[in-house]
Amino acid sequence: MSTRFNALKADAEWQKVWDERRTFAADDNSAKPRSYVLEMFPYPSGKIHMGHVRNYTMGDVLARFRRMTGHEVLHPMGWDAFGMPAENAAMERGVHPGGWTRENIATMKAQLKRLGFALDWDRELATCEPDYYGHEQALFLDMFAAGLVYRKESAVNWDPVDMTVLANEQVIDGRGWRSGALVEKRKLSQWFLKITAFADDLLKGLDGLEHWPDKVKLMQRNWIGKSQGLTFRFALAAESDTRRVTPGDGIEVFSTRPDTIFGASFVAIAADHPIAQAIAVGDPAAEAFIARCKQGGTTAAELDTQEKLGFDTGLCALHPFDPERRLPVYIANFVLMEYGSGAVMGVPAHDQRDLDFARKYGLSVPRVVSDGDKAASAFEGDEAYTGPGTLVNSHFLDGMDVEDAKREVITRAEAGGWGRGSTVYRLRDWGVSRQRYWGTPIPIIHCEACGAVPVPKDQLPVVLPEDVGFDVPGNPLDRHPTWKHVACPSCGGEARRETDTLDTFADSSWYFVRFASQPKDKPFDKAAAEKWLPVGQYIGGVEHAILHLLYARFWTRALQHLGLLDVAEPFAGLFTQGMVTHATFKSADGRWLSPDEVQSGVETATGTPVTVGRVEKMSKSKKNTVDPTGIVDRYGADAVRWFMLSDSPPERDLEWSESGIEGSWRFIGRLWRLFEGNAPGAEILGGEDKALSRKLHGTIAGIAEDIEALSFNKAVAKLYELTSAIEKAPPSAARTEAVATLMRLVAPMAPHIAEEAWAAAGNEGLIADAAWPQVDAALLVEDEVTIAIQVNGKLRDTLTLPRDMAREEVEAAALASENVVRFLEGRAPKKVIVVPGRLVNLVA
RNA sequence: GCGGAUGUGGCGAAACUGGUAGACGCACGGGACUUAAAAUCCCUCGCCCCAUGGGCAUGCGGGUUCGAGUCCCGCCAUCCGCACCA
């Protein structure tokens, strides 16, 4: 009579039902409390991978659970569809990036549906379609009009493989984040978004993000890098060699340690500093030095070992508090033009780099902060002192502590008009120009007469031309015969379209707003979007901790600034999930092998032994991927979902294993046997089973807590326990109820078997629409508790006693225990600790 | 170098505000059912010892406490982020 659960049949059947009934379409006008659950949308690279499955399963469980607890849930899905791989495919295979991308989307959409995710497909969007990127262009123009967009020539990160510019956030260890190629510096005219205008807001906003991981907030704080100090100007001495510079300009520097100003013994400027550039003209030695500075690598090891180098410009700076004091001005390789003003005051005693530099060039090293009793004016040793202390050898600052001295110097600089207290950020503006085809065209027209002119909004979208070729490297838009030639919208004269496209991170900076509201004629409707936003729970990988998550926060604040949306932070809750990993294998001759090329330690094809490598993130390059498609077809969607949630806490890595998925599949089988036994018509024997009912209600409450906390592994463990308890329980009304309730408890995680059982049990409607079971609070209170009995802190016995037993009685029961008597060896306890409901500790 | 996280059986992990360490899963081993296999079910499963009992165990060394995986101090290891940021 017992039949096996036919996962393939049930999966197909229920997925069809959900689809046809649009079960998971969110109702904008619902009166229920709202819940916006979102996972980071995928790049349509071809097929989904296990990382996607894990990510989307987590979000799905939460979305389904929220539906069951009475929320109107928005759980949408879309495609981050612009980007380099489509162009690479075009170059390699001669296909069109659009065709390639849309095919991948179709494939991946089918794969996601195959997993039964509760997604609102009505709101599906792809960033590569004009009805998305056209609205993005409109937003870009709004920002342009508000002064949040500007164009400037600057040294940019050029990726020679992808042949495009990269933002600072996209350069990892001196290499392009996607291509891995060493990045070069180039001077180009680029469009920038003024993210620095929001530096402080973005920093302060982090404090309010209680449901973000501290780790991510810290990374963003460090990335924004706020420093407070003094910006001031060194005047140049008249006797300086000023043939090539204007002495009146002086040199502006920034310091976070204005208190140490009397310890300055030199001034250093960056190789790119205008004064350095001016000096290099007609001075071959200076020119050669500057060239040498630019050669240095930017990798960790190189920076660590690189020597501090300087070039004496012959200029002399005047100390602001003591015009008699002259400081030599050096061009130095350790000063960055991009930070502060590209020049520093060198205080060798209290800054390690300055000390290295001073020792090398024999400059004086005056101490100005005492270190304990060390206060001599000449600083000894090769380790700079950067700690707290009292100011010494510093005239009017002597005797002050560091913080007071900072304030004093800033006050005097401001009074004297030669400096001001200032804040400097490490964050730089977001360069968004990309010299690529497959991206959002920047809606600007360049006119000789009128300059950069925005495309009038009624001419949006600026659509990508379809007829482009990828046979030669470079940007196909730039060499398209007609596309870029247009009339100037302002004067009507001959003009040229901007041929750069927007960084694809712009596309992902507002898609969550478009999901919430998608009118045809504008990017979104303010009121409609605000009904859903901010996203309640956002789930994705940590690799986006800075890039995407910072850009999206900026974009949202920009929209708020423009008055388009009254939301400051886009993601109220953030969860960064771990990766799916797998062992790696290498053949005897060093080739990576995929798991199915290996059998019991040898390569199947050659019979030679393989080296088992580290467990690493699944990646194509290491060939340790497992394709979800085959697995789902073999075990069914529920088993795969179940495995993704089991064992590993969601923030940690999950190691894929064949035996793990087998285990999940076995559990689905156990569930089915229970559900089948509960079919209507089955005779109900017996009545109460208090222990089982108590277990059931404890589990209902526990799982709800676990799911809300995204502790899926714990919820899974509790479901295993409950299932075992039901299996072992003799037939009773309580058992029948427990099985019926179990269906709803597993429904968020294993929705197909739950629907199948729900229908078989003769219930109306879908379990997806059913309510989460109510907890009977009275049942949660146990009448009896197990008390640990310790003698001198060591466990000697456990006793099961009535819950409200009086303290004295509990103590007496403990003293009566055989083991306790034995360990007390006739002594009377000196002290008795009774923790109600927990333990008794007898101290002898 | 700076900042952060983590460390518990063979493995993945639980353990609420300090209160029975190892729930639950995987693997291994044993057994039942079967002609057999699959499937299923049951049992054992941290280490050690003079074994109906006991000792030792949460990276290492100290400390606080009646009691420490949990708190404090000092180490070690691994992983992640940033990287000449003035």
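For the numbers below, each heavy atom of this structure counts, side chains included, while hydrogens, waters and symmetry mates do not. Protein chains get the first letters and strands the later ones, always in sequence-line order, with residue 1 at the start of each.
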A.B. asks: Please determine if a side-chain N or O atom of A/Arg673 lies less than 4.0 Å away from the OP1 or OP2 oxygen of B/C41.
C.D. replies: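 The answer is yes; a side-chain N or O of A/Arg673 sits under 4.0 Å from OP1 or OP2.
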A.B. asks: Expressed as a whole number of angstroms, how long is the span from A/Lys308:NZ to B/C84:C1'?
C.D. replies: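 Rounded to the whole Å, the gap is 5 Å.
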A.B. asks: Check the phosphate of B/G25 against A/Ser664, side-chain N and O only, distance under 4.0 Å to OP1 or OP2. Yes or no?
C.D. replies: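 So the side-chain polar atoms of A/Ser664 never come under 4.0 Å of the phosphate oxygens OP1 or OP2 of B/G25.
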A.B. asks: Regarding A/Ser646, tell me which of base, sugar-phosphate or nothing describes its non-hydrogen contacts under 4.0 Å with the strands shown.
C.D. replies: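 If one applies the 4.0 Å heavy-atom cut-off, A/Ser646 turns out to touch nothing in the nucleic acid.
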A.B. asks: Give a yes/no on whether any side-chain N or O of A/Lys794 is located under 4.0 angstrom from OP1 or OP2 of B/G54.
C.D. replies: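 So the side-chain polar atoms of A/Lys794 never come under 4.0 Å of the phosphate oxygens OP1 or OP2 of B/G54.
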A.B. asks: Checking A/Arg796 against A/Phe823: charged group under 6.0 Å from the ring centre and within 45 degrees of the axis?
C.D. replies: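 Cation-pi check for A/Arg796 and A/Phe823: passes.
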A.B. asks: Is there a side-chain polar atom (N or O) of A/Lys215 under 4.0 Å from OP1 or OP2 of B/G4?
C.D. replies: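 No, A/Lys215 has no side-chain N/O under 4.0 Å of OP1/OP2 on B/G4.
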A.B. asks: What is the nucleic acid contact for A/Leu336, judged by heavy atoms within less than 4.0 Å: base, sugar-phosphate only, or nothing?
C.D. replies: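 Base: the residue A/Leu336, judged by heavy atoms under 4.0 Å, touches a nucleobase.
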A.B. asks: Output yes when at least one side-chain N/O atom of A/Arg796 is less than 4.0 Å from OP1 or OP2 of B/G55, else no.
C.D. replies: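 Answer is yes, contact under 4.0 Å.
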A.B. asks: Considering just the side-chain nitrogens and oxygens of A/Arg822, establish if one lies under 4.0 Å of OP1 or OP2 belonging to B/G53.
C.D. replies: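 No, no such contact exists.
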A.B. asks: Let me know, please, whether A/Ile833 or A/Met337 comes out on the 5' side of the other along RNA chain B by nearest nucleotide.
C.D. replies: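 In this pair, the answer is A/Ile833.
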A.B. asks: Indicate, with a heavy-atom threshold strictly under 4.0 Å, whether A/Glu338 touches base, sugar-phosphate, or nothing.
C.D. replies: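 If one applies the 4.0 Å heavy-atom cut-off, A/Glu338 turns out to touch nothing in the nucleic acid.
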A.B. asks: Using the ring centroid of each side chain, check whether A/Tyr361 and A/Phe266 are separated by less than 6.0 Å.
C.D. replies: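 Aromatic pair excluded; centres sit 6.0 Å or further apart.
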A.B. asks: Check every strand shown and say whether A/Lys718 touches a base, only sugar-phosphate, or nothing at a heavy-atom separation below 4.0 Å.
C.D. replies: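 The answer is nothing, as A/Lys718 stays clear of every strand by at least 4.0 Å.
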